[in-house]
Amino acid sequence: MTSDTVTITDNRSGESIELPIIEGTDGYPTIDIRALHRLLGFYTYDPGFMSTASCASAITFTDGEKGILRYRGYPIEQLAEHSSFLETAYLLIHGELPTSEQFGLFREEIMVEYNRLHEALQSFFDGFREDAHPMAILVGAVGALSSFYPDATNVHDPAVRMKAAKRLISKMPTIAAWSYKYATGQPIMYPRTDLDYTENFLYMMFAVPTDEFEINPLHVKALDLILMLHADHEQNASTSTVRLTGSSDANPFAAIAAGIASLWGPVHGGANEAVIRMLQEMSESGDIDSYIARAKDPHDRFRLVGFGHRIYKSYDPRAAIIRKTCHQLLEDLGATHTPLFDTALKLEEIALKDEYFIERKLYPNVDFYSGIILRAIGIPLEMYTVIFALARTVGWTCHWNEMMEDPESRIGRPRQLYVGYRKRDYVPIEQRGAQPAAEEGGR
Ligand code: CMC
């Protein structure tokens, strides 16, 4: 906190107030507007929270102008080179990198102690239609965990919160893999305690009880990187949803289920799936130019999925890391000359040279490349966003925990700029003429 202030003057009355400027440890200074309404009678209008810090957080730092992403102060590039998803999860949860002993204990908790699902949960999976989207199953099954762990409702106990967070991180791969197995009619595979986190997930996804299963280390490495890069991203739509849901003291499983629902949308986590659908369509039609023209047409809602980011306006640092892995993996797997990858490369090239995209700073984002990698390692399309959810569960639980610990956090309750009718009196039905449609009604 500094002693600096900004002065806000209501030019209609001439009344002025001073509002404090808060300096974080990095990033833009922030005006503390909490007293604004009380002192001057104003709300602020900020659809999509373009200029609003909804909380103070010490977990992840991003600088969109410079293309920076740091977890607990560590640059994502360093973590991507030296760490693993599970170690990064420890870092995000506890704030520090673990010693070997701490990591061993954490691994034991995540991979052994909490990783089994209650057998009764299986009947939930049975209840879904067999063509259910795995994200629908994920929302339902994670929400259903609330009924298996009623102790988690004691959300003001830090030990209870930590246990719930570890349970979620530990069980998510099993729920995710089972959602796929049920949707495809295959027998489920139970988690293995001898495997690493990412290996175990791939095993539960692809192994079948009748056959030997060999895990491809290239797949494990690429997927582990994807999980790490998606583990947290400060106050995005799904994380803000988790915080808002949790702010009413809702239980953590319900709050995370709400986050999963928010993530599902194609302009958020659903983008990795939408990218491949778009590339498939483009490569079948062979006419990339018409898609580019549509993306640029202000009267067409079509957008190039996998391009642009609310925060990153120079480049997405996750995309820079994953781009290399994507090219390397496809080369290692001998898959560089598939029609889909060719289309992706052409699109990347055209968009990077086109004035429309350059002017608006629309670069390929992390989901452009992660979609291609997931496809190359054989993950079915419907599972892409599930994998994002699996990774982001770490970030969601960290933010939920941080919010519950923060003495300044309150139940989330944004205000609005009301633009509907002013007061009007009820008219009995027999006296009503034809009413204008609601959208034609005056203010
Ligand atoms: N294709 C074509 N035009 C675009 C695109 C795109 N992908 N993204 C933004 N624009 C245009 C937009 O039409 C607008 O043009 P104009 O100034 O002429 O009106 C301008 O760029 C600014 O767009 P915006 O909607 O104000 O930008 P935003 O920050 O609100 O949206 C975004 C960010 C990610 C929602 C958006 O870029 C988008 O829809 N991208 C495609 C979906 C996607 O890939 N999402 C994954 C994001 S990364 C994963 C995650 O963090 O969830």
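Along the sequence shown, residues are numbered consecutively beginning with 1. As the structure lists them, so they are numbered: ligands from 1, and atoms in each ligand from 1.
Sorted by first and then second residue, the ring-ring contact (aromatic ring centres under 6.0 Å, His included) pairs involving residues 75-94 (not counting sequence neighbours) are Phe85-Tyr197, Tyr90-His94, Tyr90-Phe106. Annotation: salt bridge (charged side-chain N to carboxylate O under 4.0 Å, His left out) contacts involving residues 381-405, sequence neighbours excluded, comprise Arg161-Glu405, Arg243-Glu402, Arg277-Glu382.
Classified by interplanar angle (parallel below 30°, tilted 30° to 60°, perpendicular above 60°), the ring pair His327/Tyr369 is tilted. Ring orientation note: the planes of Tyr312 and His233 are tilted relative to one another, at an angle of 30° to 60°.
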Tabulate distances under 3.5 Å between N/O atoms of ligand 1 and N/O atoms of the protein, writing both atom names on each line.
unit_1: ligand 1; atom_1: 1 (N); unit_2: Leu304; atom_2: N; d: 3.1
unit_1: ligand 1; atom_1: 3 (N); unit_2: Tyr356; atom_2: OH; d: 3.0
unit_1: ligand 1; atom_1: 7 (N); unit_2: Leu304; atom_2: O; d: 2.8
unit_1: ligand 1; atom_1: 7 (N); unit_2: Phe307; atom_2: O; d: 3.0
unit_1: ligand 1; atom_1: 13 (O); unit_2: Arg303; atom_2: NH2; d: 3.3
unit_1: ligand 1; atom_1: 15 (O); unit_2: Arg360; atom_2: NE; d: 3.2
unit_1: ligand 1; atom_1: 18 (O); unit_2: Arg360; atom_2: NE; d: 3.1
unit_1: ligand 1; atom_1: 18 (O); unit_2: Arg360; atom_2: NH2; d: 3.0
unit_1: ligand 1; atom_1: 25 (O); unit_2: Arg303; atom_2: NH1; d: 3.1
unit_1: ligand 1; atom_1: 25 (O); unit_2: Arg303; atom_2: NH2; d: 2.8
unit_1: ligand 1; atom_1: 29 (O); unit_2: Arg310; atom_2: NE; d: 3.0
unit_1: ligand 1; atom_1: 29 (O); unit_2: Lys313; atom_2: NZ; d: 3.4
unit_1: ligand 1; atom_1: 30 (O); unit_2: Arg310; atom_2: NE; d: 3.3
unit_1: ligand 1; atom_1: 30 (O); unit_2: Arg310; atom_2: NH2; d: 2.9
unit_1: ligand 1; atom_1: 39 (O); unit_2: Arg303; atom_2: NH1; d: 3.0
unit_1: ligand 1; atom_1: 40 (N); unit_2: Phe307; atom_2: O; d: 3.0
unit_1: ligand 1; atom_1: 44 (O); unit_2: Gly306; atom_2: N; d: 2.8
unit_1: ligand 1; atom_1: 44 (O); unit_2: Asn365; atom_2: ND2; d: 2.9
unit_1: ligand 1; atom_1: 45 (N); unit_2: Val267; atom_2: O; d: 3.2
unit_1: ligand 1; atom_1: 51 (O); unit_2: His309; atom_2: NE2; d: 3.2
unit_1: ligand 1; atom_1: 52 (O); unit_2: His268; atom_2: ND1; d: 2.6

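When the options Leu225, Ile226, Leu229 are evaluated for a side-chain contact (heavy atoms from CB on, under 4.5 Å) with Thr325, the one that passes is Leu225.
In this structure Ile311 satisfies the side-chain contact (heavy atoms from CB on, under 4.5 Å) test together with Thr62, His309, sequence neighbours excluded.
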